[in-house]
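Structure first, then comments.
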Amino acid sequence: MSILPDLKERFRDALTGRADDVDELLDLIRRSGDPKFGDYQANFAMSLGKRTGRPPREVAAEVVERLDVADICRPPEIAGPGFINLRIRDDWLIARLSAAVTDSRLGVRQTPRPRTYVVDYSAPNVAKPMHVGHIRSTVIGDALCRMLRFLGHKVISDNHLGDWGTQFGMIIYGYKHFLDRSAYRASPVQELARLYKLVRRLMDYHEGRSQFPKLTEQVAQQADALQRNREEAGPRPDKKTAQTLRRQESSLAEARDELAELRQKLDAVKADPLLSRQVAEHSGIGAAVLAETARLHEGDEENLRLWREFLPACEDEIDRVYGRLNVTFDHTLGESFYQNRLAATVDGLVHEGIARESDGAICVFLDGQDVPMLIRKKDGAFLYATTDLATIRFRMEQFAPDAILYVVDHRQSLHFEHLFATARLMGYKDIELQHVSFGTVLGDDGRPFKTRSGDTVGLEGLLDEAVRRAGAIVAANDDAKLDGPEIPPEQRAEIAERVGIAALKYADLSQNRTSDYVFSYDKMLAMNGNTATYMQYAYARVRSIFRKGNVDIEALRASGAPIVLGSPAERALGLEILRLADVLELAVCDYRPNQLTAYLFDLANRYSAFFEQCPVLKAETGQLRQSRLLLCDLTARTICKGLELLGIDVVEKM
RNA sequence: GCCCCUGUAGCUCAAUUGGAUAGAGCAUCGGCCUUCUAAGCCGAGGGUUGCAGGUUCGAGUCCUGCCGGGGGUACCA
């Protein structure tokens with residue numbers, strides 16, 4: 001059981017009647033930043049004093065006077081401008097820790113006010129190879145689901161698969177023109193992936209070639225304009241002009257890079273005899289692919305049959321990745337699920353006067369937005385905004401959630417602004433609609449990973465590489481053990497899998513989700529610092545102690561042996577263990593798993609310090625040994641639970 | 001043009017949402033393995049939190065203006 005809720009209750013009693021926003025004031029009670037200010041601190045006296053026009057220290061003194069915390073803390077101290085510093089009594093800590101020993105939830109209470117959450121995450125486009133960019137949504141969404149569930153909320157996870165888009169037009173076209181039958185029989189997934197890449201490449205070629213002259217022209221024009229502006233500006237341009245010039249320069253450089261890249265791509269195709277023949281034979285491929293897609297959407301029998309044939313293979317492919325990532329969904333209702341609800345959605349919005357026709361398209365115009373949200377194109381086709389609206393309607397009817405979370409990268413924020421505003425107009429007012437946005441996955445060059453080029457690193461290759469590197473490290477570590485290796489070779493592979501996948505997921509979860517994520521093998525697979533490996537290592541070291549000491553853990557827990565917090569390292573560890581509940585509350589409130597990873601890192605650090613300073617099996621007395629074993633057990637269980645809530649496994653040995 | 005995000009140690013990132021002396025990891029330097037896993041621990045150096053104002057007991061965090069980076073911006077998702 002954590003400490004903060006109890007402190008808050010006591011302060012509530014002391015504050016009631018003296019302020020009208022007691023809850024806000026209670027939120028200002030938190031852990032102290034520095035041990036010399038105690039374990040917890042209450043920071044509300046300053047603002048309360050301000051409002052009542054009285055010296056904050058006096059206010060603090062008065063609150064302390066009325067405060068009854070003698071059983072929890074030593075006498076509170078007032079410091080600085082009016083901080084109330086609290087140091088928790090050891091016997092209180094011990095009582096809480098002892099209660100956690102026999103509690104399967106480690107003292108974390110279920111929420112008294114459970115909500116229903118729909119969490120929308122992962123959502124890859126099937127039939128396109130999954131790549132590194134899909135990890136973030138998948139991993140963050142999964143962690144949020146796990147945390148919310150653990151806290152007692154009802155969570156419905158839904159993978160809004162892209163299973164109805166142009167990519168199917170592409171593989172249908174590829175199937176009809178380029179199929180290698182025996183390869184398809186042997187491995188449909190692989191052959192479909194090949195077809196996708198091939199068609200993508202041919203389309204890119206034609207698109208690129210048609211754009212080439214325009215782009216060349218643009219570059220020339222930009223260069224001219226820049227030259228002219230430079231001359232006009234003279235040798236000492238003013239600030240504004242200088243800025244404009246700089247922008248033009250960087251824009252020109254970008255355009256030149258783009259042009260060079262395009263030329264390279266075109267040349268590569270021309271250099272390949274087979275490709276250049278295919279390119280020539282399929283000059284209308286772009287339009288043809290769109291036509292195949294349109295036929296599918298119109299219900300064309302053959303295309304529908306092919307779609308039904310391809311889909312399971314595509315799903316098997318992504319399911320394999322989900323299996324390795326240990327990610328599951330309650331529902332996988334993709335775009336195709338909603339396709340027969342789209343027309344009604346648009347009609348409904350028009351009927352209610354929310355949407356109207358403009359330039360041939362059906363649009364929702366929103367207050368304060370200079371561009372409308374399009375829900376039907378002038379050619380009659382629907383857009384992803386349409387699907388998203390139909391999805392909201394369906395989810396409201398089916399699940400009646402209190403909140404829908406969209407774990408989607410931040411570039412789509414405008415779309416969600418539109419979407420949510422429209423949902424409000426549709427009458428969905430009492431629901432939290434939340435874009436849980438995250439930064440873009442960037443390459444080493446600092447530019448976004450491209451989904452289009454077929455030759456980006458596939459997600460699965462990435463997993464393999466992570467596991468391979470982890471395997472090398474596990475082996476080296478085991479070989480270096482003083483008492484000789486303890487892990488048989490066949491177990492090493494499984495440990496490597498767990499360590500490698502964990503490193504990958506944790507690297508993503510431990511970063512503040514709002515910042516961009518620079519993908520790098522080395523960073524992801526670094527085994528030091530705030531990483532899954534460090535946590536798994538701390539866990540494995542605890543388990544090793546129990547093995548070496550032949551400790552019967554169940555008996556230990558049931559023994560009722562007293563916990564002793566004699567040394568600073570033990571006390572610090574105990575205090576840290578009790579923070580889990582507070583941290584989960586915090587993490588869930590902003591949908592930020594990195595709050596939890598930061599906590600686990602602190603906990604593992606505290607444990608390492610304890611591990612160095614406090615012999616467990618060779619403790620001075622039997623009682624101390626029991627106490628320390630209990631602390632070890634609590635630490636291991638807390639780490640294990642924390643990692644579990646992040647979707648990460650522990651290992652017994654490493 | 002307009003809108004959104006962003007700027008923190010050499011590098012990669014934190015900072016409990018306005019709290020006390022801005023913290024980690026990597027890299028650098030110096031100590032710790034005859035003792036429960038050294039993937040570890042202890043210590044050192046490294047900062048005008050882009051710049052300038054403002055708000056107040058108190059600002060990396062809030063407001064204004066500049067400078068820089070990214071993203072979005074009517075028929076892709």
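Every chain is numbered from 1 and lettered A, B, ... according to where its sequence line falls, protein lines coming before strand lines.
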When all nucleic acid strands are considered with a 4.0 Å heavy-atom cut-off, which category describes Val474(A): base, sugar-phosphate, or nothing? base
How would you label the contact of Val616(A) with the nucleic acid (heavy atoms, under 4.0 Å): base, sugar-phosphate, or nothing? base
Please determine, for U35(B), whether a Watson-Crick or G-U wobble partner exists with both distances under 3.5 Å, and give it or none. none
Can you find a side chain N or O atom of Tyr384(A) that sits less than 4.0 Å from OP1 or OP2 on A77(B)? no
Which nucleotide sits closest to the side chain of Leu586(A): A74(B), A24(B), U16(B)? U16(B)
Measuring only the C1' atom in each nucleotide, how far is G50(B) from C67(B)? A whole number of Å is fine. 7 Å
Using centres under 5.5 Å plus planes under 30 degrees as the test, is Phe83(A) stacked with G19(B)? no
Counting the atoms with a prime plus P, OP1 and OP2 as sugar-phosphate, which does Ala480(A) contact under 4.0 Å by heavy atoms, base, sugar-phosphate, or nothing? nothing
Across every strand shown, the nucleotide meeting Watson-Crick or G-U wobble geometry with A44(B) (both distances under 3.5 Å) is U28(B)
With a 6.0 Å cut-off (strictly less than), is the heavy-atom count around CD of Gln434(A), excluding the residue itself, greater than 12? yes
Centre-to-centre under 6.0 Å for Phe610(A) and Tyr607(A), is that the case here? yes
Kindly give the heavy-atom pair with the smallest separation between Phe382(A) and Val346(A), and that separation in Å. CE2-CG2, 3.8 Å
Nearest heavy atom decides the nucleotide; on that basis, is Ala361(A) or Phe37(A) closer to the 5' end of RNA chain B? Phe37(A)
Consider ring pair (Phe, Tyr, Trp, His ring centres under 6.0 Å). Of Tyr121(A), Tyr406(A), Tyr338(A), which one does His160(A) pass it with? Tyr338(A)
Under-4.0 Å side-chain N/O to phosphate OP1/OP2 contact, Lys50(A) with C57(B): yes
Which nucleotide sits closest to the side chain of Arg541(A): G40(B), G72(B), A74(B)? G40(B)
Under-4.0 Å salt bridge between Asp479(A) and Arg492(A): yes
Length of the CG-P vector between Leu482(A) and U35(B), whole Å: 6 Å
Reckon Ala598(A) touches a base, only the sugar-phosphate, or nothing at all at heavy-atom distances under 4.0 Å? nothing
At under 4.0 Å between heavy atoms, what does Phe611(A) touch on the DNA or RNA strands: base, sugar-phosphate, or nothing? base
Touch class at under 4.0 angstrom, heavy-atom based, for Ser608(A) against every strand present: sugar-phosphate
Are Tyr599(A) and A24(B) close enough that a side-chain N or O sits under 4.0 Å from OP1 or OP2? no
Heavy atoms only, 4.0 Å cut-off, all strands: where does Phe365(A) land among base, sugar-phosphate and nothing? base
Look at the side chain of Ser358(A) and the base of A74(B), then say whether one donor and one acceptor between them are separated by less than 3.5 Å. yes
Name the pairing partner of G23(B), where a pair is Watson-Crick or G-U wobble with both distances under 3.5 Å, or state none. C13(B)
Please give, in whole Å, the distance from C33(B) C1' to Gln613(A) CD? 16 Å
With C1' as the reference atom in both, quote the distance from G54(B) to A59(B) in angstrom, rounded to an integer. 11 Å
What is the distance, to the nearest angstrom, from the CG atom on Asp516(A) to the P atom on A14(B)? 11 Å
Of the candidates A15(B), C57(B), U73(B), the side chain of Asn594(A) sits closest to A15(B)
Please report the distance, rounded to the nearest Å, between CZ in Arg606(A) and P in A24(B). 11 Å
Closest approach to the side chain of Asn512(A), judged atom by atom: which nucleotide of A14(B), A39(B), U73(B) is it? A14(B)
Starting from P on G23(B), measure out to CG on Asp34(A) and report it in whole angstrom. 9 Å
Just N and O in the side chain of Lys548(A): are any of them under 4.0 Å from OP1 or OP2 of U37(B)? yes
Check every strand shown and say whether Cys589(A) touches a base, only sugar-phosphate, or nothing at a heavy-atom separation below 4.0 Å. nothing
Glycosidic class, syn or anti, of C33(B) using a 90° window around 0: syn
Base, sugar-phosphate, or nothing for Tyr537(A), non-hydrogen atoms under 4.0 angstrom? base
Which part of the nucleic acid does Asn85(A) contact within heavy-atom distance under 4.0 Å: base, sugar-phosphate only, or nothing? base
Rounded distance (Å) that lies between atom C1' of A39(B) and atom CG of Asn530(A): 14 Å
Among G40(B), U37(B), U73(B), the one nearest any side-chain atom of Leu414(A) is U73(B)
Now, which nucleotide makes the Watson-Crick or G-U wobble pair with U73(B), with each of the two distances under 3.5 Å? G1(B)
For Met654(A), answer base if it contacts any base atom (sugar-phosphate contacts may also be present), sugar-phosphate if it contacts only those atoms, and nothing otherwise; contact means non-hydrogen atoms under 4.0 Å. base
Answer with base, sugar-phosphate or nothing: what part of the nucleic acid does Cys363(A) contact at a heavy-atom distance below 4.0 Å? base
Check ion pair Asp602(A)-Arg606(A) (N to O, under 4.0 angstrom): no
At under 4.0 Å between heavy atoms, what does Leu28(A) touch on the DNA or RNA strands: base, sugar-phosphate, or nothing? nothing
Gln41(A) vs His410(A), nearer the 5' end of RNA chain B by closest nucleotide: Gln41(A)
Determine which nucleotide pairs with U64(B), using a 3.5 Å limit on both distances of a Watson-Crick or G-U wobble pair. A52(B)
Compare side-chain N and O positions of Ser515(A) against OP1 and OP2 of A14(B) and report whether any pair is under 4.0 Å apart. yes
For the pair made of CZ in Phe416(A) and C1' in G72(B), what is the distance, rounded to whole Å? 14 Å
Are any of Arg411(A)'s side-chain N or O atoms less than 4.0 Å away from OP1 or OP2 of A77(B)? no
Nearest-Å distance, CZ (Arg356(A)) to C1' (A74(B))? 13 Å
Hey, does Lys378(A) reach any base, or is it just sugar-phosphate, or nothing, if we go heavy atoms under 4.0 Å? base
Tell me whether the side-chain N/O atoms of Asn528(A) come closer than 4.0 Å to OP1 or OP2 in G25(B). no
When you check the phosphate oxygens OP1 and OP2 of G25(B), does a side-chain N or O of Asn605(A) lie under 4.0 Å from one of them? no
To the closest 0.5 Å, what do you measure between OH (Tyr539(A)) and CE (Met654(A))? 12.5 Å
Charged N-O contact under 4.0 Å between Asp508(A) and Arg513(A): no
Taking 4.0 Å as the cut-off, does a side-chain nitrogen or oxygen of Gln511(A) come that near to OP1 or OP2 on C13(B)? yes
In Å and rounded to the nearest 0.5 Å, what is the CD1 to CD distance from Ile648(A) to Gln536(A)? 7.5 Å
Which whole number of Å gives the distance between the P atom of C4(B) and that of C62(B)? 14 Å
